Amino acid sequence: MAINLLLGLQWGDEGKGKIVDVLTRDYDIIARFQGGPNAGHTLIFDGYKHVLHTIPSGIFHKTAVNVVGNGVVIDPVIFKRELDNLSKFEIDFATKLLISRKAHLILPTHRLLDAASETAKGKAKIGSTLKGIGPTYMDKTGRNGLRVGDLEMADWQERYDALTEKHIRMIDFYGVKLEYDLKELQEEFDEGVKRLKELTFIDSEEYLNSALKNGKSILAEGAQGSLLDVDFGTYPFVTSSNTTAAGACTGLGIAPNKIGDVFGIFKAYTTRVGSGPFPTELFDEDGVEMAKVGQEFGATTGRPRRCGWLDLVALKYAVQVNGVTQLMMMKSDVLSGFDTLKICTSYMYKGEEISHFPFNVEPENVRPVYSEFKGWQADLTQMTEKEQLPKNLMDYISFIEKEVEVPIKIVSVGPDRKQTILR
Ligand code: GDP
Ligand code: IMO
Ligand code: MG
């Protein structure tokens with residue numbers, strides 16, 4: 001059996017949570033492979049709305065097992081809150097939510113370090129979600145980190161204290177003023193750890209590879225998006241993990257030759273939250289309209305998302321880096337009502353027209369070149385069959401498929417599980 005991947009092709013918030021939830025009925029296991037509580041994955045069904053941060057988006061289905069892989073970073077405090085928020089669903093977490101022993105832990109002082117680093121950067125700040133993601137991955141690659149499996153070791157407290165002390169010295173080094181009560185933060189952390197230890201810890205690479213051998217189907221759930229990848233994103237305005245397909249191999253312990261389909265998710269337009277370049281960003285009425293109709297506010301931080309037209313240069317780049325085999329276009333309903341739509345097909349880069357995503361996409365170097373499309377007026381949100389989709393939307397879809405050379409298999413027409421059209 002192969003493992004399928006589902007990942008975001010833009011700057012995150014493409015609608016990964018919704019689609020994982022839709023697809024879960026076809027899978028035995030859903031496995032998150034990177035990121036942490038910087039993610040906010042929204043699921044809407046039966047009148048409920050849930051935002052998941054670390055827990056995989058298959059958690060609401062009766063049979064699927066959800067795995068938090070080794071590539072994920074876990075904050076026990078936020079994790080406990082997520083579990084508490086799901087209490088009314090009577091989910092048997094001990095059997096349905098398994099945690100990799102090799103996943104790294106976000107300590108309270110990682111969060112403080114994130115805040116200190118961002119404050120020190122001033123105007124050049126990344127716009128981090130301040131969940132401690134960067135400092136935790138830095139400790140991972142710096143070989144100082146603490147992992148879930150360390151919680152079972154005799155020297156846990158000693159190692160925790162040593163790392164915390166080191167962090168406090170580093171925070172002082174930044175020379176910025178931070179208000180915090182370490183004792184309170186540690187008590188909250190201990191509570192979180194207590195709850196985390198009630199779950200089942202596993203050697204996840206062993207678990208997942210055995211599952212594949214035994215014919216189980218696995219869907220790997222990405223967080224963030226390809227343009228936030230630490231290697232391929234708009235560095236340094238990125239997150240600290242590999243959000244692309246290769247990250248699923250390292251984040252789960254799955255070999256590349258075990259990967260089957262790669263589902264790439266994108267919005268019919270583009271959004272970005274936080275700092276960093278965004279070639280097709282709009283500062284006019286159209287951008288305001290997208291933000292309003294699309295309710296573009298961060299699921300984790302509530303910050304307004306920046307909006308702009310679809311960028312095919314960036315989309316092709318993401319499709320290439322990930323080896324995407326099927327596309328899913330989200331939030332098509334948000335584009336209803338525009339007279340004219342634009343898609344960026346190339347960049348003017350330092351006076352030359354280029355069609356690849358270059359090293360630097362800062363606005364002083366890059367100007368998007370657009371093709372225009374006729375909009376559609378119909379409300380898509382009640383549509384359930386592909387035959388109902390308006391002709392101008394079908395033209396928009398066909399153009400993207402032709403350019404990107406990958407079929408669009410799902411068209412999403414609203415946030416609810418049911419508002420999903422299969423092609
Ligand atoms: P994720 O991080 O990729 O899981 O995406 P988020 O949950 O952060 O952001 C996607 C937002 O769009 C959420 O508020 C979803 O409920 C919403 N959403 C998803 N698909 C659609 C859609 O097709 N149409 C509309 N209008 N909203 C959608
Ligand atoms: P999901 O999984 C959108 C952005 C932040 C910031 C940068 C670095 O919901 O799509 P970090 O906290 O990782 O240090 O922030 O990355 N960012 C996201 N943007 N969706 C996300 O996740 C994001 N996770 C991080 O806004 O610009
Ligand atoms: Mg999100």
Side-chain angles (χ1 to χ4, degrees), residues 6-22 32-45 48-54 56-57 72-73 75 106 110-111 113-115 117-118 121 125-138 221-230 233-241 243 265-269 271-278 290 292-306 328-336 379-381 383 410-421:
L6 180 141
L7 17 92
L9 300 179
Q10 297 162 320
W11 280 286
D13 303 331
E14 297 88 351
K16 299 174 290 293
K18 168 180 163 163
I19 294 298
V20 171
D21 172 59
V22 168
R32 260 284 292 273
F33 60 86
Q34 47 67 235
N38 49 349
H41 294 180
T42 314
L43 284 68
I44 299 182
F45 58 88
Y48 291 111
K49 173 178 169 177
H50 299 277
V51 180
L52 297 169
H53 301 286
T54 323
S57 302
V72 177
V73 290
D75 183 336
I106 302 176
H110 281 129
R111 263 185 277 139
L113 275 170
D114 213 354
S117 162
E118 284 284 79
K121 279 194 159 105
K125 72 175 183 188
I126 309 288
S128 160
T129 60
L130 301 179
K131 303 295 177 196
I133 304 297
T136 305
Y137 279 114
M138 277 163 75
E221 173 179 1
Q224 290 79 55
S226 303
L227 304 177
L228 289 170
D229 182 281
V230 67
T234 45
Y235 193 90
F237 300 101
V238 294
T239 191
S240 297
S241 63
T243 59
I265 299 215
F266 69 102
K267 280 179 185 164
Y269 49 101
T271 65
R272 170 162 210 174
V273 61
S275 331
F278 176 177
M290 282 173 198
K292 196 177 90 192
V293 181
Q295 297 184 22
E296 295 295 358
F297 293 94
T300 295
T301 59
R303 293 177 292 176
R305 296 181 184 136
R306 302 151 61 192
M328 295 161 179
M329 186 168 95
M330 311 299 290
K331 300 194 104 162
S332 316
D333 53 299
V334 175
L335 293 186
S336 289
D379 173 11
L380 311 181
T381 56
M383 296 184 180
I410 285 181
V411 179
S412 178
V413 293
D416 195 279
R417 199 189 255 176
K418 288 196 191 124
Q419 292 169 303
T420 310
I421 297 181

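Note that the coordinates shown come from a computational prediction; the quantities given were computed from them, not determined experimentally. Ligands are counted one by one from 1 in listed order, and the atoms in each one are counted from 1 as well. Below, all heavy atoms of this structure are taken into account, side chains as well, without hydrogens, waters or symmetry copies.
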Taking only heavy atoms of K16, which atoms of ligand 2 are found under 4.0 Å from at least one of them? 1 (P), 2 (O), 10 (O)
Among all protein heavy atoms, pick the one closest to atom 27 (N) of ligand 1 and tell me residue, atom and distance. K331 CE, 3.2 Å
Given D114, I265, T129, which one has a non-hydrogen atom that is nearest to atom 12 (O) of ligand 2? T129
Please state which part of K131 comes within less than 4.0 Å of ligand 2, counting heavy atoms only: side chain, backbone, both or neither. neither
May I ask you to identify the nearest protein heavy atom to atom 23 (C) of ligand 2, giving residue, atom name and distance to one decimal place in Å? Q224 CG, 3.6 Å
Nearest non-hydrogen contact with atom 6 (C) of ligand 2 belongs to which option: G127, A223, A299, G274? G127
Indicate yes or no: does K331 engage E296 in a salt bridge with an N to O separation below 4.0 Å. yes
Is the contact between W11 and ligand 2 made by the side chain, the backbone, both, or neither, using heavy atoms and a 4.0 Å cut-off? backbone
Heavy atoms only, cut-off 4.0 Å: how does V293 contact ligand 1, side chain, backbone, both, or neither? neither
Of the backbone atoms (N, CA, C, O) and the side-chain heavy atoms from C-beta on, which set of S412 has a member under 4.0 Å from an atom of ligand 1: side chain, backbone, both, or neither? both
Just let me know how K18 lines up against ligand 1, side chain, backbone, both or neither, with a heavy-atom cut-off below 4.0 Å. side chain
Heavy-atom distances under 4.0 Å decide this one: backbone, side chain, both or neither, for H41 against ligand 2? side chain
Can you find an N or O of G17 that's nearer than 3.5 Å to an N or O of ligand 1? yes
For atom 2 (O) of ligand 1, find the nearest protein heavy atom and state the residue, atom name and distance (0.1 Å precision). G40 O, 2.8 Å
Going by distance only, is there an N or O of G12 that falls short of 3.5 Å from an N or O of ligand 1? no
Just going by heavy-atom distances, which of L228, D13, T239, T300 is nearest to atom 17 (N) of ligand 2? L228
What about R305: any of its N or O atoms under 3.5 Å from an N or O on ligand 1? yes
Could you list which atoms of ligand 2 come closer than 4.0 Å to a heavy atom of R303? 5 (C), 26 (O)
Tell me whether A39 has at least one N, O or S atom under 2.8 Å from the Mg ion (ligand 3). no
Show which atoms of ligand 2 fall inside a sub-4.0 Å distance from at least one heavy-atom site of A39. 1 (P), 2 (O), 9 (O), 22 (O)
Heavy-atom pairs closer than 4.0 Å: do any link ligand 1 to the side chain of D13, the backbone, both, or neither? both
Pair K267 + D13, salt bridge at N-O below 4.0 Å: no
Counting only nitrogen or oxygen atoms and a 3.5 angstrom limit, does G15 reach ligand 1? yes
